[in-house]
Amino acid sequence: MANDEHVGMLTLGAAAWNEWRANRDETPDLSRAGLRGLDLSGFDLSRADLRGADLRGTNLSGANLSGAHLDGANFFKAVLDGADLAVALLSGAQFLTAHSS
């Protein structure tokens with residue numbers, strides 16, 4: 001289950017989130033979080049636990065998802081232009097009609 005503090009930090013925007021990430025050695029727990037339709041473009045979500053997260057319609061353009069745990073996440077109609085998915089774990093992730101370049 002997602003850490004409420006971590007989910008709340010997302011609402012502060014990419015600059016605040018990325019600064020927060022740079023000053024912590026903690027892995028963000030966003031597992032099963034309802035992030036539907038959020039603008040997470042440019043967020044550093046590397047190594048984050050997003051297993052089972054609802055990312056439908058979420059803008060992840062330019063987001064760093066490298067090494068993230070995305071098992072079972074729902075990316076239906078998510079925007080992934082320029083997102084870094086290197087070594088991300090995607091088993092069971094749903095990408096049906098997701099948009100990416």
Side-chain angles (χ1 to χ4, degrees):
M1 194 65 139
N3 180 312
D4 290 335
E5 177 191 4
H6 298 176
V7 174
M9 286 298 300
L10 292 173
T11 65
L12 300 177
W17 170 269
N18 293 342
E19 182 178 333
W20 177 76
R21 284 289 316 269
N23 294 311
R24 296 179 79 112
D25 191 30
E26 186 174 0
T27 300
D29 183 357
L30 303 168
S31 59
R32 298 195 291 185
L35 307 176
R36 184 178 187 169
L38 292 181
D39 182 359
L40 300 178
S41 57
F43 276 68
D44 178 5
L45 298 167
S46 61
R47 302 175 319 280
D49 183 353
L50 286 151
R51 290 177 287 184
D54 183 359
L55 297 164
R56 291 176 290 172
T58 301
N59 182 359
L60 293 160
S61 298
N64 181 357
L65 293 160
S66 63
H69 294 268
L70 300 164
D71 307 315
N74 189 338
F75 288 93
F76 181 74
K77 293 190 177 181
V79 178
L80 297 163
D81 294 330
D84 182 356
L85 291 161
V87 291
L89 303 173
L90 297 162
S91 177
Q94 301 171 40
F95 286 95
L96 184 63
T97 70
H99 179 261
S100 65
S101 53

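Values below: every heavy atom of this structure, side chains too, minus hydrogens, waters and symmetry copies.
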Considering all heavy atoms of both residues, which atom of [X] and which atom of [Y] are nearest to each other, and what is their separation?
| X | Y | result |
| --- | --- | --- |
| Asn74 | Phe76 | OD1-N, 2.9 Å |
| Ala33 | Ala2 | CB-CB, 3.9 Å |
| Asp29 | Met1 | OD2-O, 3.0 Å |
| Ala83 | Leu65 | CB-CD1, 4.4 Å |

Taking only residues two or more places apart in sequence or in another chain, which ones pass side-chain hydrogen bond (donor to acceptor under 3.5 Å, both in side chains) with [X]?
| X | result |
| --- | --- |
| Asn64 | Ser66 |
| Asp44 | Ser46 |
| Glu26 | His6, Arg24 |
| Arg56 | Asp54 |

Quiz item: Among all residues two or more places apart in sequence or in another chain, which pass the salt bridge (Lys or Arg N to Asp or Glu O under 4.0 Å) test with Asp84?
Solution: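 Not a single residue meets the salt bridge (Lys or Arg N to Asp or Glu O under 4.0 Å) criterion with Asp84.
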Would you give the length of the straight line joining atom [atom1] of [X] to atom [atom2] of [Y], rounded to the nearest 0.5 angstrom?
| X | Y | atom1 | atom2 | answer |
| --- | --- | --- | --- | --- |
| Asn18 | Asn23 | CG | CG | 11.0 Å |
| Asp81 | Asn59 | CG | CG | 8.0 Å |
| Asp49 | Thr27 | CG | OG1 | 8.5 Å |
| Ser31 | Leu50 | OG | CG | 8.5 Å |
| Leu55 | Leu38 | CG | CG | 8.5 Å |

Quiz prompt | Residues forming a side-chain contact (heavy atoms from CB on, under 4.5 Å) with Leu90, sequence neighbours excluded | solution =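 Testing Leu90 for side-chain contact (heavy atoms from CB on, under 4.5 Å), a comparison that skips the adjacent residues, returns Leu70, Ala88, Ala93, Phe95.
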Exercise. Would you please test Leu45 and Leu60 for side-chain contact (heavy atoms from CB on, under 4.5 Å) and show each step?
Key: CA-CA 10 Å; Leu45 298 167; Leu60 293 160; 4.0 Å; yes
Self-check item: Under 3.5 Å: donor-acceptor pair, side chain of Ser61, backbone of Gly42
Solution: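 Not at all, since once roles are kept as given, no pair shorter than 3.5 Å links the two residues.
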Exercise. Carefully, step by step, assess Lys77 and Arg36 under the rule side-chain contact (heavy atoms from CB on, under 4.5 Å).
Key: CA-CA 10 Å; Lys77 293 190 177 181; Arg36 184 178 187 169; over 6 Å; no
Exercise. Find out whether Leu40 and Trp17 are in side-chain contact, i.e. whether some heavy atom of one side chain is under 4.5 Å from a heavy atom of the other.
Key: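 Side chain of Leu40 against side chain of Trp17, heavy atoms only: no contact under 4.5 Å found.
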Quiz item: Which is it for Phe43 and Met9 under the side-chain contact (heavy atoms from CB on, under 4.5 Å) test, yes or no, and what are the steps along the way?
Solution: CA-CA 11 Å; Phe43 276 68; Met9 286 298 300; over 6 Å; no
Self-check item: Co-membership, hydrophobic cluster, residues Leu89 and Val87, 4.5 Å side-chain
Solution: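 No, no single cluster joins them.
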